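Single-structure report; data block below.
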Amino acid sequence: MAKEILSSLLRDAFSSARAEGALSAEEVPPIVIEIPANEGFGDYSSNLAMLLAKPERKAPFIIAECLKKHLKDSEGVLREVRVEKPGFINFYLKPDFWASRLSEVLADPAAHGRSDWGKGQKVLLEFVSANPTGPLHVGHGRGAAVGDALGRILKASGFDVHQEYYVNDFGNQMNMLGKSTYLRYLESKGEQIEFPEDGYQGDYIREIAASESYREKVILSGEDDPEAELQRSVQASAAVIIDDIRGALEEFRVFFDEWFSESSLFENPDRVEEAIRALEGTSGIYEKDGAKWLNSSKYGDEKDRVVVREDGRPTYLASDIAYHHLKFQRGFDRCINIWGADHHGYLPRVRASLEMQGIDPARLDVLFVQFVSLRRGGEPVQMSTRSGQFEELSTVVREVGVDAARFFFLMRSVDSALEFDLDLAKEQTNENPVYYVQYAHARTCSLFRQAEEQGERLDPLTDVPAGGLSLPEEHALAKSILEWPQVVRLAAERLEPHRIPFELMAIAKDFHAYYNRHRILGQEPDVTRARLCLVRCIQAVLSNGLDLLGVSAPDRM
RNA sequence: GGGCCCGUAGCUCAGUUGGAUAGAGCGGCGGACUUCUAAUCCGCAGGUCGCAGGUUCGAAUCCUGCCGGGCCUGCCA
């Protein structure tokens with residue numbers, strides 16, 4: 001808001017200076033307006049003069065003075081403009097400016113931070129997609145939180161988002177799953193079994209095998225056909241696990257528009273076969289040693305990859321190629337995947353397959369989420385899907401709560417490995433940043449409850465009384481409030497959800513400090529009213545921001 | 001060997017794509033509850049931004065080379 005105004009004023013100043021011959025550069029460099037870290041350098045600041053120094057062949061300070069001279073405050077927002085040391089142009093805004101801009105926010109507080117920046121682009125957001133061979137662990141939880149929050153952020157930014165879970169219900173691992181369960185069932189019957197080393201070891205396998213419904217579905221009375229039983233075991237085991245995954249995600253407040261089954265790719269129109277044939281047509285696939293290879297090295301991959309094995313069975317990559325082609329065939333403008341960092345090597349080959357099809361590989365973005373390491377006390381906890389010792393997402397969520405778990409996962413850049421200490425999270429429950437932010441929100445609600453009891457008319461809280469906001473803290477808060485849409489926009493543009501919690505913590509901090517230092521209620525009528533307007537805006541940011549994270553915003557705590 | 005990510009306060013991490021005096025939370029120390037919720041606030045301590053060069057008005061940020069840590073490097077999925 002403010003930045004747009006100031007940059008357009010600067011642009012005009014440049015043109016005006018150029019028209020008079022005071023400046024000569026061909027074009028204006030991209031104008032950057034920043035909020036200086038130090039309040040002594042004004043409300044906003046620009047380095048335009050420094051950027052012009054080279055093309056103008058003049059000292060930045062001189063250029064800055066020149067721009068200042070040609071600056072016309074057509075909007076009437078400036079209190080003062082100063083040129084500082086190397087050549088910064090610092091803007092000091094009139095107090096009325098904040099009031100007038102906050103009034104715009106008050107017109108529709110729930111919409112503050114929403115935009116149509118995405119222009120309704122159709123985005124396929126695929127995340128979690130954990131193999132249905134065991135319960136979700138905390139690593140998947142991080143992906144789930146990041147994906148879901150990103151979905152909310154993109155929707156708020158005007159994208160048409162479709163959230164999808166890709167279910168890898170095909171291939172060897174499914175057979176191994178069914179076999180593992182079946183063997184555990186036989187074992188429970190007292191039979192001697194030899195459990196394979198690459199079988200699934202977890203207790204959940206025994207639980208499924210011991211369940212009533214497993215026996216009903218798999219072990220039909222009177223029959224004794226191990227082969228058929230094994231087949232049914234695959235289906236039954238996978239169904240139980242997928243239900244379990246879905247349940248854990250719902251408990252974590254993560255929902256999908258679609259659960260896309262990998263095996264469905266092989267049905268009716270065999271999408272995998274289609275995709276392979278299409279690539280063969282573009283000579284993206286060639287035969288060697290009896291197998292079919294993707295010519296991905298030609299497109300930046302380290303080497304070529306097998307797509308169809310010697311024995312004719314397609315590899316996982318074949319499914320993935322077909323799946324991603326289909327994504328674009330389904331009409332999505334853009335695809336975003338959230339993958340574990342251990343999958344980073346797969347991107348070049350998938351992108352290669354897109355490029356071979358004439359699809360711009362830039363339309364596929366992949367967010368690589370670094371690992372979560374779980375600690376209990378000082379001890380690292382082993383996490384392996386097959387060891388049976390992993391920590392399940394649902395266990396952690398029940399221990400620390402959905403809000404805290406989500407906030408924790410989202411607080412860090414996905415590029416950083418995350419250390420999650422369960423004992424610490426439990427001990428610190430009352431000190432957790434999420435409570436800090438939630439408490440700030442509850443406080444704003446409490447203020448309005450009090451205000452109402454004191455007979456303050458809140459219904460048309462739309463216009464900030466002139467002169468009601470004069471404190472520096474209030475200007476700082478107003479600045480943050482007006483900056484909020486930019487934060488959401490940046491989070492969406494750069495796919496960085498962690499910006500949201502950081503901004504919320506900063507605003508909560510400023511609000512708590514303001515609240516402790518100044519009374520809102522019981523002041524001069526215009527002052528109280530203006531402050532309530534400010535608080536309403538803060539409340540909107542906190543509430544909207546928490547909503548983007550999928551974290552609750554309680555009215556009282 | 002090659003690829004991706006990371007290295008910033010005691011710990012966990014931000015740092016607005018190159019800006020001005022380096023930031024938060026937790027932990028530590030010391031203060032503030034007859035007053036709108038103390039799940040809060042105020043103050044103090046704590047740093048060769050892994051190391052060394054380079055680029056320029058200016059570098060935690062960009063380039064190069066090292067050092068250290070994590071993860072990949074299947075005709076598994």
Side-chain angles (χ1 to χ4, degrees), chain A residues 32 34-38 40-41 45 47 50-51 53-54 59-61 84-88 90 129 131 133 168-174 176 198 262 289-293 301-303 305-311 313-317 319-320 340-348 368-371 373 408 411-421 424 427-436 438-440 442-443 445-451 453-454 483 486-487 490 494 498-499 501-503 505-506 508-509 511-522 528 531 535 556-557:
Chain A
V32 179
E34 288 187 309
I35 297 178
N38 188 327
F41 292 130
S45 170
N47 63 346
M50 271 103 99
L51 298 178
K54 191 165 269 181
F61 198 89
E84 297 284 352
K85 275 189 295 184
F88 287 104
N90 295 339
S129 300
N131 288 337
T133 54
N168 295 118
D169 53 358
F170 187 84
N172 294 335
Q173 58 175 4
M174 283 294 99
M176 184 51 78
D198 50 352
E262 179 186 1
D289 304 333
K292 291 184 177 178
W293 295 71
D301 198 6
E302 289 174 29
K303 53 182 178 182
R305 312 286 175 176
V306 171
V307 177
V308 180
R309 300 178 180 90
E310 248 180 302
D311 61 11
R313 286 156 49 237
T315 63
Y316 167 82
L317 178 59
S319 304
D320 236 13
D342 53 333
H343 285 70
H344 79 264
Y346 293 85
L347 182 55
F368 294 105
V369 182
Q370 295 295 317
F371 270 20
S373 61
F408 236 83
M411 258 176 58
R412 289 162 167 88
S413 148
V414 297
D415 289 335
S416 285
L418 169 58
E419 198 170 77
F420 202 119
D421 192 319
L424 208 65
E427 275 173 31
Q428 291 183 344
T429 284
N430 287 346
E431 302 291 337
N432 252 331
V434 61
Y435 292 94
Y436 186 82
Q438 287 179 319
Y439 185 52
R443 260 189 166 165
C445 297
S446 169
L447 276 169
F448 291 117
R449 282 194 296 271
Q450 289 286 330
E453 280 176 25
Q454 294 179 17
E483 199 53 25
Q486 269 303 309
V487 175
L490 269 181
R494 300 184 190 176
H498 75 276
R499 291 174 181 277
F502 272 92
E503 184 58 23
M505 287 190 287
K509 182 185 172 65
F511 171 63
H512 281 309
Y514 174 63
Y515 177 93
N516 270 274
R517 195 185 294 270
H518 305 287
R519 287 190 67 80
I520 283 97
L521 304 177
T528 284
R531 291 183 178 177
V535 172
R556 58 184 85 218
M557 291 174 77

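Here the structure is a predicted model, which is why all the values come from computation and not from measurement.
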Q | B:C66 and B:G27, which share atom name P, separated by this distance in whole Å | A | 42 Å
Q: For residues A:Q454 and A:T528, determine if any side-chain heavy atom of one lies less than 4.5 Å from a side-chain heavy atom of the other.
A: no
Q: Using the P atoms only, state how far B:G58 lies from B:G19, rounded to an integer number of Å.
A: 14 Å
Q. C1' atom, B:U35 versus B:G30: distance in rounded Å?
A. 25 Å
Q. Reckon A:K509 has a side-chain N or O less than 4.0 Å from the OP1 or OP2 of B:G25?
A. yes
Q) Which part of the nucleic acid, if any, lies within contact of A:Q486, taking any heavy atom under 4.0 Å across all strands shown: a base, the sugar-phosphate backbone alone, or nothing? A) nothing
Q: Taking only the side-chain nitrogens and oxygens of A:S45, find out if one of them lies under 4.0 Å from OP1 or OP2 of B:G19.
A: no
Q | Whole-Å distance separating the CZ atom of A:F511 from the P atom of B:C36 | A | 13 Å
Q) Is the base of B:A14 touched by the side chain of A:S413 through a donor-acceptor pair closer than 3.5 angstrom? A) no
Q: Remember a base hit wins even if backbone is also touched, and classify A:D289 as base, sugar-phosphate or nothing at under 4.0 Å, heavy atoms.
A: base
**Q.** Below 4.0 Å: OP1/OP2 of B:C6 and any side-chain N or O of A:R412
**A.** no
Q) Does a side-chain heavy-atom distance below 4.5 Å link A:Y515 with A:H512? A) no
(Q) Without decimals, in angstroms, what is the distance between A:M505 CE and B:U12 C1'? (A) 11 Å
Q) Does the side chain of A:N432 reach to within under 4.5 Å of the side chain of A:F408, using non-hydrogen atoms? A) yes
Q. Considering only heavy atoms from C-beta outward, does the side chain of A:Y316 approach that of A:N168 to under 4.5 Å?
A. yes
Q.
What's A:E419 touching, base or sugar-phosphate or nothing? Going by heavy atoms closer than 4.0 Å.
A. sugar-phosphate
Q: Identify the heavy atoms of A:R519 and A:R531 that sit nearest to each other, and give their distance.
A: O-NH1, 2.6 Å
Q: Have a look at A:N38 and say if it touches a base, only the backbone sugar-phosphate, or nothing, with a 4.0 Å heavy-atom cut-off.
A: base
**Q.** More than 12 heavy atoms from other groups under 6.0 Å of CZ on A:R449
**A.** yes
Q.
Is B:C33 syn or anti, taking syn as a glycosidic angle within 90° of 0?
A. syn
Q. Quick one: the side chain of A:N90 and the base of B:A20, do they pair up donor-acceptor inside 3.5 Å?
A. yes
Q.
Once you apply a heavy-atom cut-off of 4.0 Å, does A:K54 come out as touching a base, just sugar-phosphate, or nothing?
A. nothing
Q | Atom-to-atom span, OH of A:Y515 to P of B:C42 - whole angstrom | A | 14 Å
Q.
Less than 4.5 Å apart, side chain to side chain, heavy atoms only: is that true for A:N47 and A:F88?
A. yes
Q. Between A:Y316 and A:K85, which has a closest nucleotide on RNA chain B that is more 5'?
A. A:K85
Q) Taking the six-membered ring for Trp, does A:Y436 stack with B:A39 (centroid gap under 5.5 Å, planes within less than 30°)? A) no
Q: Have a look at A:A442 and say if it touches a base, only the backbone sugar-phosphate, or nothing, with a 4.0 Å heavy-atom cut-off.
A: base
**Q.** Shortest non-hydrogen contact between A:M50 and A:P60, atoms and distance
**A.** CG-CB, 3.9 Å
Q: Can you tell me which stems RNA chain B forms, taking runs of 3 or more consecutive Watson-Crick or G-U pairs with both distances under 3.5 Å?
A: B:1-7 with B:67-73, B:10-13 with B:23-26, B:28-32 with B:40-44, B:50-54 with B:62-66
Q: Please check if the side chain of A:N38 supplies one atom and the backbone of A:G40 the other of a donor-acceptor pair under 3.5 Å.
A: yes
(Q) I want to verify a distance call: between B:C5, B:C36, B:C75, whose nearest atom is closest to the A:Q370 side chain? (A) B:C5
Q | In B:U35, glycosidic geometry as syn within 90° of 0 or anti otherwise | A | anti
Q.
I need the minimum non-hydrogen distance between A:F511 and A:R443, along with the two atoms involved.
A. CE2-CB, 3.8 Å
Between the protein and nucleotides 45-47 of chain B, list every N/O to N/O distance that falls short of 3.5 Å.
none

Q) Can you tell me how far P of B:G3 sits from NZ of A:K303, to the nearest Å? A) 15 Å
Q) Contact class for A:N47 vs. all strands (heavy atom < 4.0 Å): base, sugar-phosphate, or nothing? A) base
**Q.** Side chain of A:M557 - closest among B:G2, B:G19, B:A39
**A.** B:A39
Below 3.5 Å between N/O atoms, which protein atoms pair up with nucleotides 28-35 of chain B? Just atom names and distances, please.
unit_1: B:U35; atom_1: O2'; unit_2: A:R519; atom_2: NH1; d: 3.3

(Q) Of the options B:G19, B:C71, B:C13, whose atoms approach the side-chain atoms of A:F371 most closely? (A) B:C71
Q.
Can you check the distance between B:G46 and B:G23, where both ends of the measurement are the P atom (answer in whole Å)?
A. 15 Å
(Q) Between B:G25 and B:A14, how far apart are the two C1' atoms, rounded to whole Å? (A) 10 Å
(Q) By the 4.0 Å heavy-atom rule, please label A:F170 as base, sugar-phosphate, or nothing. (A) sugar-phosphate
Q: State whether the aromatic ring of A:F502 stacks on the base of B:A14, taking stacking to mean ring centres under 5.5 Å apart and ring planes under 30° to each other.
A: no
Q. Taking the same atom, C1', in B:A20 and in B:G10, what whole-Å distance lies between them?
A. 30 Å
Q: Using the C1' atoms only, state how far B:G69 lies from B:G28, rounded to an integer number of Å.
A: 28 Å
Q.
Can you measure A:R499 atom CZ to B:C13 atom P for me and round it to whole angstrom units?
A. 18 Å
Q: Mark yes or no for whether A:R313, through its side chain, and A:G171, through its backbone, hold a donor-acceptor pair below 3.5 Å.
A: no
Q. So, A:D311 and A:R309, do they make that salt bridge, N to O below 4.0 Å?
A. no
Q) Are the side chain of A:E483 and the backbone N or O of A:I35 linked by a donor-acceptor pair below 3.5 Å? A) no
Q. Is the backbone of A:E262 close enough, under 3.5 Å, to the side chain of A:D169 for a donor and an acceptor to pair up by distance?
A. yes
Q. Does a donor on one side chain sit under 3.5 Å from an acceptor on the other, for A:Q173 and A:N131?
A. yes
Q: Pick base, sugar-phosphate or nothing for A:S446, based on heavy-atom distances below 4.0 Å to the nucleic acid.
A: base
Q | Side chain of A:P86 (C-beta onward), nearest among B:G3, B:C41, B:G19 | A | B:G19
Q. Between A:H343 and B:C4, is there a side-chain N or O to OP1/OP2 distance below 4.0 Å?
A. no
Q. Rounded to whole angstroms, how far apart are CG on A:D342 and P on B:G70?
A. 15 Å
Q. Whole Å only: how far is the CG atom of A:L521 from the P atom of B:C36?
A. 10 Å
Q. Looking only at atom C1', what distance separates B:U8 and B:C13, rounded to whole Å?
A. 9 Å
Q: May I ask you to verify whether the side chain of A:R494 and the base of B:U17 hold a donor-acceptor pair under 3.5 Å?
A: yes
(Q) Any base atoms under 4.0 Å from A:L490, or only sugar-phosphate, or nothing? Heavy atoms, all strands. (A) sugar-phosphate
(Q) Could you tell me if the side chain of A:Q370 sits less than 4.5 Å from the side chain of A:R412, heavy atoms only? (A) no
Q. What is the nucleic acid contact for A:R305, judged by heavy atoms within less than 4.0 Å: base, sugar-phosphate only, or nothing?
A. nothing
Q. Of A:V308 and A:A417, whose nearest nucleotide on RNA chain B comes first from the 5' end?
A. A:A417
